[in-house]
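For reference, the structure is listed below as structure tokens.
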2 protein chains.
Amino acid sequence: MPAHAQTSTAAIVAAGRHLLEERGADALTMQDVAEAVGVRAPSLYKRVRSRSDLFRLILEDVADELTASLDAAAGSGDPVADLRAMTAAYRGFAHSNPVTYTLMFAPDSVPGATARSVRSSAALLRVVAELAGPQHTLPAARTIVAWAHGFITMELAGAFRLGGDVEQAWDFGLDQILAVMPGRSRA
Amino acid sequence: MPAHAQTSTAAIVAAGRHLLEERGADALTMQDVAEAVGVRAPSLYKRVRSRSDLFRLILEDVADELTASLDAAAGSGDPVADLRAMTAAYRGFAHSNPVTYTLMFAPDSVPGATARSVRSSAALLRVVAELAGPQHTLPAARTIVAWAHGFITMELAGAFRLGGDVEQAWDFGLDQILAVMPGRSRA
DNA sequence: TTCGCTAGGCTACGATAGTTAGCCTTGGCG
DNA sequence: CGCCAAGGCTAACTATCGTAGCCTAGCGAA
């Protein structure tokens with residue numbers, strides 16, 4: 001490689017991800033990313049096809065990290081404890097990456113990005129299978145994920161406006177859902 | 001009012017809403033909206049402060065319609081039946097308005113738009129109070145809404161990729177959540 | 001009847017961002 | 001030692017939001 005590269009795809013993705021979280025999706029400009037990595041905007045196109053391609057790369061990066069976080073949380077052997085740890089890790093990750101987390105589930109934004117998050121479901125399915133039994137694994141997992149994702153999304157959107165304790169609502173919901181898992185009974 | 005107006009705020013909002021659903025948020029341009037209502041783009045600014053203001057108006061329109069839909073669904077008197085009807089109406093509305101529905105819960109997009117959806121919660125809270133008892137009303141309602149919203153969001157985002165019957169998963173989740181409501185017992 | 005006032009159009013323009021075209025420099029390798 | 005391409009850069013094109021300022025039509029008062 002002649003003429004030492006002043007940046008890299010990884011650096012661009014990292015800078016983009018950082019700016020994305022910091023300023024929001026609309027405010028993420030190629031110029032700002034370029035400045036952050038120390039080149040001019042057009043040079044970014046040597047590494048990245050387009051702005052939306054940069055979004056795709058960023059969200060893949062986020063999804064990979066989320067997958068790793070979930071895998072790490074599911075190591076105790078007890079399915080209920082694992083599930084509690086995974087939901088907590090999931091919510092914590094979303095709180096740490098609110099913008100990109102929200103973007104991961106935006107229909108338009110990145111076709112294929114959600115595909116990657118499927119990998120995250122492997123550990124969850126294994127745990128839920130123990131709790132709900134093989135017949136109900138998929139719908140039970142979808143119930144849990146839907147609840148967790150919906151709760152977090154509304155939380156991040158500021159949709160819980162009626163007062164009350166949001167933490168308590170989270171605990172309440174998780175207890176309710178765990179309590180009703182068909183296979184076993186209680187948490 | 002001199003020189004008969006060629007358009008109106010309502011027409012602009014309606015056209016914008018239609019284009020928004022049809023082409024997605026990124027593709028909604030002021031020029032397209034102007035063309036749809038029969039004027040030039042700058043004339044829109046006589047009625048609408050900015051593009052983001054147009055988004056706000058559109059989402060208010062959507063939220064009002066959703067609220068009316070939910071109110072209409074909750075008239076049977078039986079709380080379980082009402083709750084089933086409301087969740088079905090909610091999901092149906094989201095399926096009919098996928099883009100705007102998703103946008104309603106986007107944190108950035110429109111500060112205050114979520115506030116309006118609070119009005120929608122009045123009917124829900126009344127029903128849930130009967131099912132879960134006064135102490136658990138708020139967390140129980142949040143559990144239901146979080147689940148429904150999460151499920152619908154993932155559905156719209158195409159996040160249910162592992163096969164299986166999505167309808168069955170919806171029914172399963174709703175049954176599970178209804179079954180565990182503290183106040184009464186079964187659906 | 002007439003004439004001013006203003007709502008509500010319009011064209012022209014400026015600013016910002018994404019993206020492309022095409023040039024130049026650098027330095028590894030034959 | 002010189003070729004050549006990776007990877008910078010500047011310049012320029014395009015689309016879009018938004019503003020400035022002009023023009024017209026018709027309501028209503030004199």
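Reckoned from all heavy atoms, side chains included, excluding hydrogens, waters and symmetry mates. Note on naming: letters A, B, ... go to the chains in the order of the sequence lines (proteins, then strands), and numbering restarts at 1 for each one.
Protein atom CZ of A:Arg49 is 15 Å distant from nucleotide atom C1' of C:dT20, rounded to whole Å. Spacing between atom CG of B:Asp53 and atom P of D:dT19 amounts to 12 Å, rounded to whole angstrom units. A:Ile12 places its CD1 atom 11 Å from the P atom of D:dG7, with the value rounded to the nearest Å.
With sequence neighbours left out, B:Asp53 forms a salt bridge (Lys or Arg N to Asp or Glu O under 4.0 Å) with B:Arg56. In this view, A:Asp165 satisfies the salt bridge (Lys or Arg N to Asp or Glu O under 4.0 Å) rule with no residue, not counting sequence neighbours.
Interface residues of residues 15-22 of chain B facing DNA chain D, ordered by number: none; criterion, heavy-atom separation under 4.0 Å.
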Under 3.5 Å, sequence neighbours excluded: what are the donor-acceptor pairs made by side chains of residues 39-46 of chain B?
none

Donor-acceptor pairs under 3.5 Å, side chain of residues 88-98 of chain B to any protein atom, not counting sequence neighbours: which ones?
| from | atom 1 | to | atom 2 | distance (Å) |
| --- | --- | --- | --- | --- |
| B:Tyr90 | OH | B:Tyr101 | OH | 2.8 |
| B:Arg91 | NE | B:Glu155 | OE1 | 3.3 |
| B:Arg91 | NE | B:Glu155 | OE2 | 3.4 |
| B:Arg91 | NH1 | B:Glu167 | OE1 | 3.1 |
| B:Arg91 | NH2 | B:Glu155 | OE2 | 2.6 |
| B:Arg91 | NH2 | B:Glu167 | OE2 | 3.0 |
| B:His95 | NE2 | B:Glu155 | OE1 | 3.1 |
| B:His95 | NE2 | B:Glu155 | OE2 | 3.3 |
| B:Ser96 | OG | B:Gly92 | O | 3.1 |
| B:Asn97 | OD1 | B:Arg17 | NH2 | 3.2 |
| B:Asn97 | ND2 | B:Phe93 | O | 3.0 |

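Remark: the B:Asp32 side chain and the B:Thr29 side chain contain an N/O donor-acceptor pair separated by less than 3.5 Å.
Sparse packing is recorded around CD of A:Gln31, with 12 or fewer heavy atoms of other residues, nucleotides or ligands lying under 6.0 Å away.
Between B:Val128 and B:Ile144, the closest heavy-atom pair is CG2-CD1, 3.9 Å.
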B/S/- along nucleotides 8-16 of chain D (protein heavy atoms under 4.0 Å) is BBBB----S
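One N or O on the side chain of A:Gln176 and one on the backbone of B:Val180 form a donor-acceptor pair closer than 3.5 Å.
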